[in-house]
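First the proteins, then the strands, lettered A, B, ... as listed; each starts at 1. For clarity, every value in this text was computed on a predicted model and none was experimentally measured.
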Amino acid sequence: MSMAGIEISYGFAKSPFGHCFIAWIDNKICQLSFFDNDEYEMELFAEKFKGNKLIQNDRKAVDFAQQIFEKNDRLHLQLDGTEFQQKVWDALLEIPANTTTTYADIAKKIGKPKAVRAVGTAVGANPVAYLIPCHRVIRTDGTLGGYRWGLEVKKRMLDFEKGIIP
DNA sequence: TGTGGATCTTGTT
DNA sequence: AACAAGATCCACA
């Protein structure tokens, strides 16, 4: 699925986990990232969606952020990924809140029990943080594993779901 | 604890 | 077509 030529809106907003960047197509979220460098994040985004019309709309982004982090709404998503990645991301969506799974479990779930390492990479490629709860995937030995925006954020998200709001 | 091999997908060349 | 690099896991020392 190619998204070139499509009109994409985006904006910046606050979240319990720091500044975030949200992008959407036709009201469906296609990107949600956390970061500490606006310009760099914007560069990555522009590069990823070059060839599209990009429209900034912070007010709507703030709106989305409220739905996501305060009202816990499940928004519609627009994802662009390989077959394998889609399967992995679908599996992530089934992990209940305040719960964790392992990379190995996900591998089993999608019918490729040995593709653990590949699952790790696919999880890391998740374009929509938090909504696709890649923070709920940890290692079999109980340690956190990795997180694209740092383990602090991953840990904080898990605490947040437990109701622990520091 | 830590190291090495197994294993699979992806991006790059 | 080949290769290197992963948000891993398991065995074994």
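- A 4.5 Å side-chain heavy-atom check between F17(A) and F160(A) finds at least one atom pair inside the cut-off.
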**Q.** Footprint string (nucleotides 8-13 of chain C, 5' to 3'): B base within contact, S backbone only, - free, heavy atoms under 4.0 Å
**A.** BS----
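- Heavy atoms of other residues, nucleotides or ligands lying less than 6.0 angstrom from CD of Q67(A) number more than 12.
- Chain A approaches DNA chain B over the interval dT7(B) to dT10(B), counting the first and last nucleotide 5' to 3' with an atom under 4.0 Å from its heavy atoms.
- Under the 6.0 Å cut-off for aromatic ring centres, H135(A) and Y130(A) qualify, their centroids lying closer than that.
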Q | Dot-bracket encoding per residue of DNA chain C, Watson-Crick/G-U cut-off under 3.5 Å, | denoting interstrand | A | ||||||.||||||
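- Considering all non-hydrogen atoms of both residues, F69(A) and C20(A) come closest at CE1-SG, 4.2 Å.
- When every heavy atom of A91(A) is checked against every heavy atom of I110(A), the shortest pair comes out as CB-CG2, 4.2 Å.
- Each of I55(A) and I22(A) belongs to its own hydrophobic cluster when Ile, Leu, Val, Met, Phe, Trp and Tyr are linked at side-chain heavy-atom distances under 4.5 angstrom.
- Counting non-hydrogen atoms under 4.0 angstrom, F84(A) reaches the backbone sugars and phosphates but no base.
- Linking ILVMFWY side-chain heavy atoms closer than 4.5 Å, directly or via other members, places L54(A) and I25(A) in a single hydrophobic cluster.
- Using cut-offs of 30° and 60° on the angle between ring planes, the pair F21(A) and Y10(A) is parallel.
- At the heavy-atom level, A115(A) lies under 4.0 Å from the strands shown only through sugar-phosphate atoms.
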